[in-house]
Amino acid sequence: MKKNKKRTSAKLSSNDLVKLGFPSGKPLGTALNIVHTYYTDLGKKHQIELLQDVIAAPDQYELHTTLGPLALALIAHKEAEPIALKSEKQNYAVYGAEAIEQGAIDQMEIAMRLPVARAGALMPDAHQGYGLPVGGVLATHNAVIPYGVGVDIGCRMSMSIYDIHSGYLEKNREQLKKMLTDSTRFGNASFKRPMDHEIMERPEFSEIPVVRELKDRAFQQLGTSGGGNHFVEFGTVEIHDADNVFDLPAGKYLALLSHSGSRRLGANIAGYYTKVAIDACPLPKEAKHLAWLDLDTEAGQEYWLAMNLAGDYASACHHQIHERLTAKLGEAPMAKIENHHNFAWKEQDASGKEVIVHRKGATPAGKGVMGIIPGTMATPGFIVRGKGEAAAINSASHGAGRVMSRTQAIQTFSQPQMRKYLQKAGVDVIGSGLDEAPMAYKDIHQVMASQQELVDVTGTFYPKIVRMNGDAKYIEVD
DNA sequence: ATGTTC
């Protein structure tokens, strides 16, 4: 049980193994597993020598008791013929191209050349991701790409609109801040006693082996928000006209908006099935992360079920977040709106053929479909109604999109600078850090202008009290 | 995004 610290630091990392030439996927995973199971007492230098011997002549280790599986994985990898990409460049629609980084465009071009790809589109908030760019939409035939869905499966937006005049917010800032602090959990924190939810009764939790192992943690994390760009916030929402699906009179209301996903459950499902896909689907290096699962295979069916479970779980988390805060407010919402933006759907293309539409950081925007496109912690978000634009595969952006990486934002901006920006916008922030500074994002108004063909704006949300992950006393502005 | 282990 008690491990000596020195020995842990001598552990080989996956990076070390990549440097030794182990291809990621099965060979890398097997090597890590074997070396950490059987050879931890050997010392780093000897571990490296041993692995170098295996990679130099795997056929000599095929029958080795502990290294045999690694040798076989290396041989299988060498023999696997990569699946060819289409050689011709494929066309797809790009919205707001002038503000999209080249890396995202390069990734989309590769995705379009997959033999299973049928159509694609790039949303105006697009930026580089793993495999498919964030803000990328890809329709495939009978195949699902785990990294086309993304790591945070079923990540979504949820809004409750209350029949409370927006003036309530200014008069009750302190109480609303306390409600957010008491009723939401970010980062590693979870509720002492999670509320029960029927999602935990789903058969997938006992029927799918990889999901079974995640059940306990999923229960602990019910109703939590995670980290990164996730938030729970109070703000005011302006309903522009009476022509909205909620039958709300035009006006200004108090609203609650949340953004989060499927926590560890979705992340681990994504990680596991990506590995399965990479093993089953050898692709050229530049397309490796776009490995797909055929929906006619057992693994493909299993991923589909697990993905849908993770999506419903993310929804359950939002429902509990809103349930807790609604109870504190003591007023039932008069309208609710929710949409996910990291998922794959079975839809029909223009010719009526079934396609699998991956939206990785893209909002469903079929004709009449309502959605929420958030800006940043200090800029407006929008309630939108889809126009059903076929060229965009019935999609729109899922936010403003970053103009700089988290690391870059932390190096570029200062605390006083961010404080000033938030003060000017009249926004209180609990938690967060400079990586989520509004200045690190594209101008949401420009992004909306780039997608006028894709959505109509029916309401505008102004964030006022925002909670994100991070040290709660770090960026409070009052 | 993620108990940061690809």
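Chain letters run A, B, ... following the sequence lines, proteins first, then strands; residues in each count from 1. Heavy atoms only: backbone and side chains are in, while hydrogens, waters and symmetry mates are out.
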**OP:** Look at the rings of His322(A) and His318(A) and say which category their plane angle falls in: under 30° parallel, 30 to 60° tilted, over 60° perpendicular.
**Re:**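 Judged by the thresholds at 30° and 60°, the geometry between His322(A) and His318(A) is tilted.
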**OP:** Run through Asp53(A), Ile75(A), Thr66(A) and flag the one making a side chain to side chain contact (heavy atoms under 4.5 Å, CB included) with Tyr61(A).
**Re:**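 The option that passes is Asp53(A).
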**OP:** Specify the residue among Arg217(A) and Ser14(A) whose closest nucleotide of DNA chain B lies further upstream toward the 5′ end.
**Re:**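 The 5'-side residue here is Arg217(A).
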Out of [options], which has the shortest distance to the side chain of [X]?
X	options	answer
His230(A)	dG3(B), dA1(B), dC6(B)	dA1(B)
Arg263(A)	dC6(B), dA1(B), dT2(B)	dT2(B)
Asn229(A)	dA1(B), dT2(B), dC6(B)	dA1(B)
Asp152(A)	dG3(B), dC6(B), dA1(B)	dA1(B)

With sugar-phosphate meaning primed atoms plus P, OP1 and OP2, does [X] contact a base, only sugar-phosphate, or nothing at under 4.0 Å between heavy atoms?
X	answer
Gly271(A)	nothing
Phe22(A)	nothing
Gly261(A)	nothing

Rounded to whole Å, how long is the line connecting atom [atom1] of [X] with atom [atom2] of [N]?
X	N	atom1	atom2	answer
Phe343(A)	dA1(B)	CZ	P	18 Å
Phe231(A)	dA1(B)	CZ	C1'	15 Å
Leu214(A)	dG3(B)	CG	P	11 Å
Lys275(A)	dT5(B)	NZ	C1'	9 Å
Asn15(A)	dT5(B)	CG	P	10 Å
Tyr272(A)	dC6(B)	OH	C1'	16 Å

Identify each donor-acceptor pair in which a side-chain atom of residues 122-130 of chain A lies under 3.5 Å from a protein atom, sequence neighbours left out, and give them as a table.
{"residue": "Asp125(A)", "atom": "OD2", "partner": "His398(A)", "partner atom": "N", "Å": "3.0"}
{"residue": "Asp125(A)", "atom": "OD2", "partner": "His398(A)", "partner atom": "ND1", "Å": "2.6"}
{"residue": "Asp125(A)", "atom": "OD2", "partner": "Gly399(A)", "partner atom": "N", "Å": "3.2"}

Original post:
Reckon Asn188(A) has a side-chain N or O less than 4.0 Å from the OP1 or OP2 of dG3(B)?
Top reply: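 For Asn188(A), the contact criterion (side-chain N or O under 4.0 Å from OP1 or OP2 of dG3(B)) is met.
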Original post:
Would you say Gln221(A) reaches dT2(B)'s phosphate, i.e. side-chain N/O to OP1/OP2 under 4.0 Å?
Top reply: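 Result: no.
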Original post:
With distance as the sole criterion, is a donor-acceptor pair present between the side chains of Ser190(A) and Gln220(A) under 3.5 Å?
Top reply: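 On atom types as modelled, these side chains do not qualify, holding no pair under 3.5 Å.
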**OP:** Could you name each residue pair satisfying side chain to side chain donor-acceptor pair (under 3.5 Å) that touches residues 261-270 of chain A, not counting sequence neighbours?
**Re:**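 For residues 261-270 of chain A, and leaving out neighbouring residues, the side chain to side chain donor-acceptor pair (under 3.5 Å) pairs sorted by first residue read Asp152(A)-Ser262(A), Thr224(A)-Arg263(A).
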